[in-house]
Every structure is written in structure tokens, then in C-alpha cells.
Protein chains: 2
Amino acid sequence: MTAPAARPRVTLADIATACDLSRATISLVLRGSPLVNAETRARVEAELKRQGYVYHRGAANLRRKVSSAVALVINDLSNPFFAEFAAGVDEALADAGYVTLLGSTGESVERQQAVLASLLEHDPAGVILSPAEGSDAARLRTLLGTRTPMLVFNRELGQDWDFLSLDNVRGARLATEHLIAQGHRRIAFFGGHQDSSSCRQRREGYRAALAAAGIALEPQWQIECAPTRLEAAGQTAALFVRDPAPTAAVCYNDAVALGLMAGLSSRGRRAGHDFAVTGFDDIPEASVSAPPLTTIAVDPRARGRQAAELILRRLHDPSTSPIATVAPARLLVRASSLVVLSGDAA
Amino acid sequence: MTAPAARPRVTLADIATACDLSRATISLVLRGSPLVNAETRARVEAELKRQGYVYHRGAANLRRKVSSAVALVINDLSNPFFAEFAAGVDEALADAGYVTLLGSTGESVERQQAVLASLLEHDPAGVILSPAEGSDAARLRTLLGTRTPMLVFNRELGQDWDFLSLDNVRGARLATEHLIAQGHRRIAFFGGHQDSSSCRQRREGYRAALAAAGIALEPQWQIECAPTRLEAAGQTAALFVRDPAPTAAVCYNDAVALGLMAGLSSRGRRAGHDFAVTGFDDIPEASVSAPPLTTIAVDPRARGRQAAELILRRLHDPSTSPIATVAPARLLVRASSLVVLSGDAA
DNA sequence: CTGAAAGCGCTTACAG
DNA sequence: CTGAAAGCGCTTACAG
């Protein structure tokens with residue numbers, strides 16, 4: 001907290017005194033009321049500028065019992081996906097006249113509780129939460145109460161909060177169908193953890209595509225690993241323990257896919273030449289890796305704007321029942337999945 | 001703005017009534033005053049929990065004439081460098097009990113003015129600004145006045161604001177010295193534009209290292225290009241128009257270095273084998289490119305924490321004169337610069 | 001140890 | 001068209 005400012009703040013009352021008017025009239029000018037005389041208005045506006053008046057929205061909000069802030073709590077701002085999301089949220093909130101109260105949790109549930117508690121003291125009209133892994137919905141509910149609407153992004157939490165999710169099922173299904181269309185029949189699902197809901201959903205899409213094509217799912221080609229490049233590279237060998245090995249892999253996300261591509265090269269194989277790889281997310285590196293990565297784009301900035309719009313709608317309409325929205329996923333075909341299969345491999 | 005909440009807010013007065021005490025006493029409990037009787041305190045705390053009271057910091061701040069917010073205005077949140085910076089700022093501000101008011105400008109000067117004006121109405125104790133390209137210091141000064149302290153990051157704006165910059169000179173010097181120590185004498189400076197202050201500073205470090213080693217600077221090896229991968233790849237040929245050609249290049253940044261490496265391979269050369277390359281920034285891709293890129297790390301998250309600490313210090317001590325801080329730069333040696341020179345090349 | 005009163009910067013009926 | 005008065009949720013001397 002700060003010590004009181006040396007220079008005292010310019011206040012409505014100062015302007016009123018200088019113009020020899022009441023505070024009420026100044027307030028009307030500020031809020032653009034048509035009630036005030038044009039000449040009076042001009043005089044007041046000149047004086048506002050002259051004294052460098054800055055509106056104290058907090059005081060106004062207190063009096064009016066409204067809030068012009070929305071809290072945005074992000075699990076991992078150093079992930080470009082969430083950074084883009086945050087940029088989209090902030091953009092749309094600003095356009096609607098709201099200010100963003102930022103909190104980042106670094107995937108820590110404890111920090112998430114602390115950050116949210118602190119932000120709530122600043123009286124946000126609503127909250128947008130991209131939950132930390134392992135978030136406890138009941139604890140969040142206790143913190144939030146029922147007064148503050150929340151939109152949950154990306155990871156489902158249950159409760160009666162609005163929810164914006166990526167279309168994980170459809171995305172993975174698109175990737176898998178693409179590989180099948182290329183002639184692959186032996187397709188692994190590579191990376192991610194079963195206990196993550198997004199991983200479960202992506203596997204579901206993968207399974208659905210296989211099933212629709214009449215391809216049996218091979219349990220030994222369902223390979224779990226932490227969703228990082230390094231872990232993925234380390235797990236590459238698991239794809240090739242048995243013969244025949246898969247000819248393609250749908251990866252949990254781009255990081256995993258890039259790790260797998262590295263793992264492939266250190267085994268003398270090359271993605272896009274003798275093995276097909278797809279990712280998920282379309283991180284910036286995906287377009288410049290060697291080879292460029294076929295992946296699923298979810299446009300995080302657009303998702304951010306969408307999240308902002310959803311919470312704003314909820315603020316205006318608190319009574320309707322919770323809304324679950326699924327954002328579209330788009331297949332981007334690049335070289336990593338374009339393999340000419342030998343007769344043997346297919 | 002929101003319509004008034006349906007459920008009325010729980011207030012100090014509600015707790016006071018329920019406990020049959022005055023609001024003053026409740027306030028003392030909230031602020032942890034030792035004046036209040038232990039039994040009374042316990043009773044109050046139970047009631048606070050029971051009613052789900054949440055402190056209205058805005059009201060308290062208004063009364064106390066303090067602020068517990070800091071505005072953070074970022075030019076490009078979709079750049080991982082600035083996203084990390086923002087995460088570091090938020091982390092440190094939260095630890096100090098402040099909340100972050102986020103604004104992103106997308107490198108637009110007009111948006112920067114609008115965003116800042118809006119944030120200032122929320123009465124931040126201070127501002128951290130990573131300026132949009134082409135920012136107008138005088139216009140910013142008009143907006144800010146002299147009441148609100150600001151810390152400027154990365155791009156110098158003049159005025160009497162505190163300033164945190166990266167050590168471009170020292171970073172480029174470290175990279176150049178490293179190449180010299182590897183035996184190189186024909187070292188180019190590749191990429192960036194003369195009109196960017198960071199590019200000028202990096203060239204200055206490069207020149208200083210050459211001068212200290214008694215190596216003459218060759219004007220034809222100072223090659224400008226836009227700081228993107230694509231432009232850099234396209235300019236690669238410019239290094240080899242004359243004989244002898246350089247054996248190494250200090251690149252303006254990592255994007256340029258990665259582009260140069262691509263340009264080299266399409267000419268049948270390989271960074272780290274027959275040509276040495278260094279970058280600047282340590283973007284995530286630098287560690288996973290082929291070969292991994294020797295570069296200068298500036299640790300944006302640590303810079304964010306540092307920025308937060310600097311503005312907090314300024315809040316506590318408004319009178320001291322403006323402070324310019326230069327953040328350290330660290331050389332990360334990786335394979336792209338490790339070339340065994342043939343007798344001829346050296 | 002607790003309460004009554006004034007006030008932070010604003011807005012909003014209500015008069016005139 | 002403008003002003004007087006009350007009040008948003010809190011804190012802070014000042015009494016007692």
C-alpha cells in the first residue's frame with residue numbers, strides 16, 4: 001500500500017468551487033447528461049482539463065453499487081496459448097469499458113485460492129478462470145459464494161459455472177481422420193495423462209475416428225507421458241517395442257509432437273518421411289519446426305474474446321442457467337503428417 | 001457496467017448488527033488490531049465466516065486515500081518474452097499485496113493512450129509500461145500528470161520516469177567475445193535495423209569487443225534486415241558476396257539467428273559445423289533448434305519481478321530522482337557457436 | 001476495550 | 001437547468 005500522495009488529488013469539489021457550481025452539476029457534465037446548459041458544460045470541461053482532473057471510478061462505482069472490473073485468473077501465463085487467451089480477454093473487456101484484474105497462479109492450487117481471494121476484495125463484477133491443475137471446485141465455490149458470476153475456461157470444474165471449452169473431441173477426431181485418409185491404419189495416441197480431462201477428450205475423438213473407420217484400437221499404442229517436449233522425446237521408444245509398429249501418431253499436443261519428432265530423428269527416423277505426426281494447439285513453433293507440424297488450431301486470442309463476451313453476457317443476465325460453450329477446432333495440414341506410405345507400412 | 005447485484009452484499013454493518021457491536025470494532029478486528037478483546041474477536045470472526053463477508057478494499061482505500069493496485073501496460077502480450085515479463089510482474093505485485101490492472105496495447109500508440117486513460121481512472125498507485133513502438137513521451141506525460149509514478153521497461157522514453165532496460169551492450173559484447181575466444185576473427189553483425197535503439201546498443205557491444213581484441217570492423221559485414229526469421233534467411237547470401245567471407249555472425253536476436261541458420265543450410269553450410277552463430281533473447285525455440293542456439297538470456301520473468309520491485313520502491317520513496325536500471329545479460333553457450341575452425345578459416 | 005461522528009470522491013432522487 | 005442532502009462501505013481520531 002502507498003503512503004498518501006504528496007500532491008492532493010483534484011476532485012469534483014475542486015472543479016465545482018472553481019466554476020462556482022455544485023458538485024452535482026459537475027457530475028452531470030462528467031456523465032454527459034443532456035440536462036446541463038451548453039455554456040456551463042463548456043466552462044466545466046475547460047476547467048476539468050485545466051486542473052488535470054481524473055475521474056475516480058472506484059468512488060463512483062461504490063456509490064452506484066456497480067463494478068467495472070473483471071478478474072482474469074490464468075494458470076500459466078508463460079504458456080503462449082494462455083498468454084494469447086489473456087490478450088484476447090483484455091482486448092474485449094477494454095472495448096466494453098471494463099478493466100482486467102490479472103492474477104496468475106503458476107498451476108498452483110494454493111496460489112489460485114490466494115490470488116482469487118485477493119482479487120475478490122477488489123469487487124470484480126465477474127471472474128474468468130483458467131483453472132490450475134487439480135483445482136477443487138468446492139473450495140472455489142466457498143471463496144466465490146453465489147454473488148460473483150464466473151466463467152471457467154478449458155478445464156471443467158462442475159458446479160453451476162459457465163464453461164468455455166475447446167473442442168478436444170472433434171479436434172483429435174479431425175487429426176485422426178486426416179491420418180486415416182492418408183492411408184494409415186496403425187495409429188498411436190501419444191502423450192498426455194489419463195487424469196487430464198482434455199487428454200481423455202482427445203483420446204475419445206481419436207477412438208471415435210478409428211471406430212468409424214473400422215480400425216481396432218491397440219492398447220499398446222496408447223502411450224502416456226507428461227505433456228512436455230522432453231518427456232515425449234524420452235517415450236519415443238515405447239512406440240517401437242513390438243512389430244509391427246505404428247506408422248503414425250496423434251499427439252496430445254504440439255509440445256509432445258515436437259518432442260516425438262526429436263525422438264524420431266535420434267532413432268534415425270524422420271517425421272513426414274517415414275512416420276506421420278500430428279499435434280494440437282498450433283503453438284508458434286509448430287509452423288517453423290522441421291518439418292512443419294500438422295496440428296489443430298484453437299485460436300486462443302479468439303477464445304479470449306469469446307470468454308470476455310460470455311462473462312459480460314452473464315453479468316447482464318444473471319438468472320439464466322449455466323451455459324457450456326464449445327469452441328471450434330480447425331485442422332492445419334502441414335508436412336509432418338504427409339508421408340508416402342510404403343506398401344509394407346500400410 | 002453491471003446492474004446492481006440481486007443478492008445484497010454483506011457489509012461491516014451487517015456483521016456489527018449480528019454481533020451487537022459497532023462498525024468500528026468490526027473494522028478493528030478485520031485489520032487485526034490488538035485493541036480488541038480476544039473473545040470479541042473470536043465472535044466477530046465466526047460471524048464474518050458465517051455470513052461469507054468479503055472485504056471491500058476499494059471502499060477502504062477510498063477512505064484511507066491509498067491504492068493497492070498497479071497498472072501494467074504491455075505492448076505485445078502474445079510475445080512470450082512479454083508474457084513472461086507480465087507473469088513476473090504479477091507474481092511480485094501479488095506477493096506485495098497489490099493487484100495488477102492489466103492493459104495490452106498490441107503495439108498501437110492510440111490504444112496505449114486509451115488503455116492507460118482507462119486504467120488511471122481506477123486509481124493505480126503506479127504504472128509499469130512496456131511502451132508500444134513509436135510512443136510519444138509528451139502525450140504520455142499529459143495523461144499521467146506528475147502524481148502517478150511510472151516505470152518504463154525496455155524502450156527508453158526520456159522524461160523523468162524510472163527505466164528498466166536490458167543490457168544490450170554487454171550481451172552483444174559477451175557473444176562477440178565468446179566467438180573471438182573460439183578463434184574467430186571474421187565476425188559479422190547480422191540483422192536488426194539501425195533505427196532501433198536495442199539494435200544500436202547491440203552493435204555497440206559487438207564493436208567494443210572487436211576493438212578490445214584489436215580486430216578491425218568490416219563495414220560490408222554489418223548486415224541489416226527486419227528482425228524476423230524470414231527476412232534473415234533471405235539476407236544470408238549477403239554474408240558471402242566477397243572473399244574472404246566471415247566465419248561467424250553475432251545476430252541481432254534469436255529469430256534472426258534461426259533464419260540465418262536456415263539460410264546457411266540451404267546454401268549447404270551448417271551452423272555449428274562450418275559457421276558459428278549466436279542469437280539474443282533465449283526464446284524457447286533456441287534450446288531445441290538444430291543445432292541448439294548459443295544466445296544471450298535476459299530472463300524476462302526475473303525482469304518482471306524486478307520491475308515490480310522498482311515501482312514498489314518508488315511508491316515508498318517518491319522524492320528521489322529517476323532511476324535507470326540495467327538488467328544483467330547471460331551468455332548461454334550451445335552448439336551453434338562451437339565450430340572447429342580450419343587453419344584457413346581462422 | 002468499544003462507540004459516535006465525520007469523511008474519502010462520487011451519484012441520485014428530490015426540490016426549486 | 002442547478003443545488004442541498006443523503007449515502008455507497010469503509011477508517012480514524014476522539015471520547016469514554
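Proteins get letters first, then strands, A, B, ... in listed order; numbering begins at 1 in each. Values in this document were obtained by computation on a predicted structure and should not be read as measured data.
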- Which part of the nucleic acid, if any, lies within reach of A:Ala60 when heavy atoms closer than 4.0 Å are counted: base, sugar-phosphate only, or nothing? sugar-phosphate
- Message: Is there a side-chain contact between B:Arg64 and the phosphate of D:dT12, meaning an N or O under 4.0 Å from OP1 or OP2?
- Response: yes
- Message: My understanding is that only one of A:Ile311, A:Asp90, A:Val70 makes a side chain to side chain contact (heavy atoms under 4.5 Å, CB included) with A:Tyr98; could you say which?
- Response: A:Val70
- Message: For B:Ala24 and B:Leu62, find the nucleotide of DNA chain D closest to each by heavy atoms; which residue's nucleotide sits nearer the 5' end?
- Response: B:Leu62
- Message: If you take any heavy atom closer than 4.0 Å to DNA chain C, which residues from residues 26-50 of chain B end up in contact?
- Response: B:Leu35, B:Val36, B:Asn37, B:Thr40
- C:dC10 C1' sits how many Å from B:Arg63 CZ, rounded? 15 Å
- Message: Any side-chain N or O of B:Lys65 below 4.0 angstrom from OP1/OP2 of C:dG7?
- Response: no
- Item | Phosphate OP1/OP2 of D:dG3 contacted by A:Thr25 side-chain N/O (<4.0 Å) | yes
- Item | Length of the CZ-C1' vector between A:Arg57 and C:dT11, whole Å | 13 Å
- Can you check whether A:Thr11 has a side-chain N or O nearer than 4.0 Å to OP1 or OP2 of C:dC10? yes
- Could you go through the side-chain contact (heavy atoms from CB on, under 4.5 Å) check for B:Asp299 and B:Arg301 one step at a time? CA-CA 6 Å; B:Asp299 199 350; B:Arg301 182 175 289 254; 4.2 Å; yes
- Query: How are the rings of A:Phe153 and A:Phe85 set relative to one another: parallel (under 30°), tilted (30 to 60°) or perpendicular (over 60°)?
  - Reply: parallel
- Message: Counting only heavy atoms not in B:Gln51 (residues, nucleotides, ligands), do more than 12 fall under 6.0 Å from its CD?
- Response: yes
- Query: In dot-bracket notation, what is the pairing pattern of DNA chain D, taking Watson-Crick (N1-N3 plus N6-O4 or O6-N4) and G-U wobble (N1-O2 and O6-N3) contacts under 3.5 Å, with [ ] crossing and | for other strands?
  - Reply: |||.||||||||.|||
- Could you tell me the separation between the OH atom of A:Tyr53 and the CG atom of A:Leu30, rounded to the nearest 0.5 Å? 5.0 Å
- Item | Protein-nucleotide distance (A:His56, atom NE2; D:dG9, atom P), rounded to Å | 16 Å
- Message: Tell me whether A:Glu133 at atom CD has more than 12 heavy atoms from other residues, nucleotides or ligands lying less than 6.0 Å away.
- Response: no
- Shortest non-hydrogen contact between B:Tyr55 and B:Arg31, atoms and distance: OH-NE, 4.3 Å
- Task: In whole angstrom, give the distance that lies between atom CZ of A:Arg23 and atom C1' of C:dC8.
- Result: 11 Å
- Query: With a 3.5 Å cut-off and no angle check, do the side chains of B:Ser135 and B:Gln112 form a donor-acceptor pair?
  - Reply: yes
- Note on the structure: When rounded to whole Å, the CG to P distance for the pair B:Asp20 and C:dG3 reads 8 Å
- Just how far, in rounded Å, is C1' of C:dC10 from OH of A:Tyr55? 7 Å
- Once you round to the nearest 0.5 Å, how far does SG of A:Cys19 lie from CG of A:Leu48? 7.0 Å
